[in-house]
Structure formats: structure tokens, C-alpha cells
Amino acid sequence: MMTAVGNVLSQGQAAKGTNWGLWADGYLGMGNRRSDELIAKYRQNLFGGIIGFDYRVADDLYVGISGGISRTNVEFDDLPDEGHMDSYQGSLYLCYNGKPWYAAGVFTYAYNKYDLDRYITTLGPTMIANSDYSGNEYTGYAEVGYKISAGNVEIRPLAAFQVDYLEQESFTETGAGSYNLSVEEQETGSYKSFLGVNVTGNIKLSETAALRPEFRLKWAHEFSNDDHMINAQFADMSSGSFVVEAETLSRDTAIIGVGMSLLFNKHVGAYIHYDAELNSDFVNHTGLLGLRLVW
């Protein structure tokens, strides 16, 4: 969702005299979770789209809304288990695109649907335990930064904070008889800080057109101490409950990104972005292509 704010920041100054904005993004991603434990070692890929609309309510102050949908597929490296998540998101955002200071905030609600298949191998035929359940996710993000002009280059040191709260409903697997698991409702919180810098160039192509390359570098730190434990028991209730505790991820992540915006004129712009999240426990890659119209 910060793509919307990023494009207001990069294109808002070129669109003086316009008040309305409409944008659409499509994105793809892939990730790899590294671990010594089978259950925590997996690969994921995602794809989705977002459409948004914003309005200039005052000089350099924008308010906007957006909606999107995405799917994430997960495959385990050393297990036949697999699953996917469909997510439906809605966001509100506010951006002050001033000079030299800017500030932005985004609130997002997502309704997530999970569908997981767990393969069980016994002396008999392989059984598949399926779980189908939902969750509600609430995310708030706030960013403040300072613009430094150096000729045709703008440098934006920034600081940001993100709060993410996820509640997942309880569920009982189906399809595997006495091997089905009943899992309790779960609540998980994430509290993450960001420090970084964006460097944007401006290459004038004509009186109305410009090319804007961008480089982004951030350090993210996770403050949450949530244990991410899963409380479960076999569905036939013949045994007591047990706890599965996930591995603790490294708290620090480096985020490196590059992008390119092409402003055809003050009304039309297109952009492409790539970001890599580098953590000692996982690596994620995301690519995004978008279009923004203003009038």
C-alpha cells in the first residue's frame, strides 16, 4: 500500500493544478523461508492487484482510498503439504507532500481466507487433512521524512513505524478421520520500525515528460515478543492438547529497492518497482507495475 503514497510523493509536485488521482498496480512476489525444521522450511509466491483513488484536499495534502485482492501459495521444501491464502484488502491513506518535510499514514483492513492440505502417511493409504478457515488483519503504517534537493536528485531520509494485528479463527481439519486436528483461535501482533533513505533522480525528456529513477534502502526491526504458538488437539478428543511453537525469526531485515517512473505529462505516469527483503531466516522478492492518472 505504500506504493500509493510513494507515487503521490514522486508525482505530486509535477501535477500542480490537478486535484484528482486514479492509480492501478499489479504485483508478483516470491520468497524462501530458510530453516533447519521441516515444518518451517517453505517457498511462497504471491500475485495481486490494487486500484486506488485520491484527492488533493489542500496544498500538498492528499487523502485516498484503495481496494485490492491477492493470492499467496505456499509449498514446503521437504513435505508434500501445501496451501494458499486469498486476501481482500481495503485501505485509507493520507499524505502531506510538503517541502522539506513530508508525512504519510495508511490504515489497511484485510479479510484473509486460508486453505491448507496436510498429508499424513501411515501404514495404510496417505490421507489428506484439509483446513479451511479465515482471519482478520489490521495494519497501520506511518512515515515521516525530509527532502534534500541536490540538483536533479532528491534525497529523502525517513523513519516509519508499522503495527500489524492478525486474528485467525479456530478450525477443525476434515478428511483424515482421527488424525484431524482442532486448532484454537490465534492472535498475533507485529510492531516494526523502519529507518532508511530514498534517492530519486529527475531526467527531463521534454517540456512535459520526465524519467525518474529511484533507489531505496531501509532497515526494519521487529519489536514483537509474540510467541506464535499453535494450540491444537486431535479432533476425536481421545488425547490431550499439545503446543507447536514456531521458530523465532531474526528481528532485523534489510530492504533494498529500485524503481523507475515515466511521467508522460502532468496527467499520466507509469512506474515499475522491485524490492528485496533480506533476513537471515528468509528472502522475499517483489515486483510491481503500475499506472497513475491525475486531473
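Residues: numbered from 1 along the sequence shown. As the structure is a computational prediction, the values presented were derived from the model and not from experiment.
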Assess whether side chain to side chain donor-acceptor pair (under 3.5 Å) is satisfied between Thr188 and Gln186, documenting all intermediate values. CA-CA 7 Å; Thr188 307; Gln186 300 176 65; 5.3 Å; no
Give a yes or no on whether Met127 atom CE has more than 12 heavy-atom contacts from other residues, nucleotides or ligands under 6.0 Å away. yes
Assess whether side chain to side chain donor-acceptor pair (under 3.5 Å) is satisfied between Thr108 and Thr139, documenting all intermediate values. CA-CA 5 Å; Thr108 300; Thr139 304; 5.8 Å; no
Where at least one partner belongs to residues 160-171, residue pairs that pass salt bridge (Lys or Arg N to Asp or Glu O under 4.0 Å), sequence neighbours excluded: none
Return yes if some donor-acceptor pair links the side-chain N/O of Ser224 with the main-chain N/O of Gly189 below 3.5 Å, else return no. yes
How many angstroms lie between atom CG of Leu217 and atom CD1 of Ile256, to the nearest 0.5 angstrom? 6.0 Å
Quick one: salt bridge (Lys or Arg N to Asp or Glu O under 4.0 Å) pairs with a partner in residues 173-182, sequence neighbours left out? Arg118-Glu173
Could you point out which residue of Arg33, Arg34, Arg43 forms a salt bridge (Lys or Arg N to Asp or Glu O under 4.0 Å) with Asp77? Arg43
Do Tyr114 and Ser131 touch side chain to side chain, with heavy atoms closer than 4.5 Å? no
Okay, side chain of Asn279, backbone of Ser250: is any donor-acceptor separation there less than 3.5 Å? yes
Quick one: list whatever passes side chain to side chain donor-acceptor pair (under 3.5 Å) with Glu222, sequence neighbours left out. Ser190
Under the side chain to side chain contact (heavy atoms under 4.5 Å, CB included) criterion, do Arg56 and Thr18 qualify, and how do the steps go? CA-CA 8 Å; Arg56 187 198 302 266; Thr18 61; 4.0 Å; yes
Using atom types as modelled and distance alone, determine if a side-chain donor or acceptor of His267 lies under 3.5 Å from a backbone N or O of Val294. yes
Just do the side chain to side chain donor-acceptor pair (under 3.5 Å) check on Tyr109 and Asn136 with the steps written out, would you? CA-CA 7 Å; Tyr109 165 75; Asn136 297 293; 2.5 Å; yes
Identify the heavy atoms of Gly269 and Leu291 that sit nearest to each other, and give their distance. O-CD1, 3.2 Å
Could you give all pairs that pass the salt bridge (Lys or Arg N to Asp or Glu O under 4.0 Å) test and reach residues 128-142, with sequence neighbours left out? Lys113-Asp132
For residues Ile255 and Val197: do they belong to one hydrophobic cluster (side chain heavy atoms under 4.5 Å, members Ile, Leu, Val, Met, Phe, Trp, Tyr)? no
Any pair with a residue in residues 187-209 that passes salt bridge (Lys or Arg N to Asp or Glu O under 4.0 Å), sequence neighbours left out, goes on the list, sorted by first then second residue, please. none
Mind checking what makes side chain to side chain donor-acceptor pair (under 3.5 Å) contact with Asn202, not counting sequence neighbours? Arg212
Check: Phe223 ring centre within less than 6.0 Å of Tyr191 ring centre: no
For Gln44 and Tyr42, run side chain to side chain donor-acceptor pair (under 3.5 Å): C-alpha distance rounded to whole Å, both residues' side-chain angles, the deciding distance at 0.1 Å, then the answer. CA-CA 7 Å; Gln44 66 179 24; Tyr42 59 82; 4.6 Å; no
With side chains defined as the heavy atoms from C-beta onward, is the minimum distance between Phe194 and Gln162 less than 4.5 Å? yes
Within the structure provided, determine whether Tyr271 and Arg292 are in side-chain contact (heavy-atom separation under 4.5 Å). yes
So, Gln89 and Ser87: side-chain donor and acceptor under 3.5 Å apart, yes or no? yes
Suppose we call two aromatic rings close when their centres sit under 6.0 Å apart. Are Tyr102 and Tyr96 close by that rule? no
Are Leu262 and Leu205 packed together at the side-chain level, in the sense that at least one heavy-atom pair is separated by less than 4.5 angstrom? yes
Trp23 versus Ile51: any side-chain heavy-atom pair under 4.5 Å? no
Tell me whether the NZ or CZ atom of Arg156 lies within the 45° cone about the ring axis of Tyr146 and under 6.0 Å from its centre. no
Is any side-chain heavy atom of Asn19 closer than 4.5 Å to a side-chain heavy atom of Tyr55? yes
With sequence neighbours excluded, tell me which residues meet side-chain contact (heavy atoms from CB on, under 4.5 Å) with Ala142. none
Those residues that, when tested against Phe107, pass ring-ring contact (aromatic ring centres under 6.0 Å, His included) (two or more places apart): none
By side-chain contact (heavy atoms from CB on, under 4.5 Å), Thr126 pairs with (sequence neighbours left out) Tyr119, Thr121
Any heavy-atom pair between the side chains of Phe282 and Thr253 that's under 4.5 Å? yes
Restricting to side-chain contact (heavy atoms from CB on, under 4.5 Å), what partner residues turn up for Ala159, sequence neighbours left out? Leu195
Begin from the C-alpha positions of Tyr133 and Val183 and carry the test side chain to side chain contact (heavy atoms under 4.5 Å, CB included) through to its verdict. CA-CA 11 Å; Tyr133 60 101; Val183 178; over 6 Å; no
Heavy-atom side-chain contact between His84 and Glu75 under 4.5 Å: no
Membership question, hydrophobic clusters at under 4.5 Å side-chain separation (ILVMFWY): are Tyr138 and Val106 in the same one? no
Partners meeting ring-ring contact (aromatic ring centres under 6.0 Å, His included) with Phe264 (sequence neighbours left out): none
Taking only residues two or more places apart in sequence, or in another chain, which ones meet Tyr88 in a ring-ring contact (aromatic ring centres under 6.0 Å, His included)? none
What are the two closest heavy atoms between Gly52 and Leu22, and how far apart are they? O-CD1, 3.3 Å
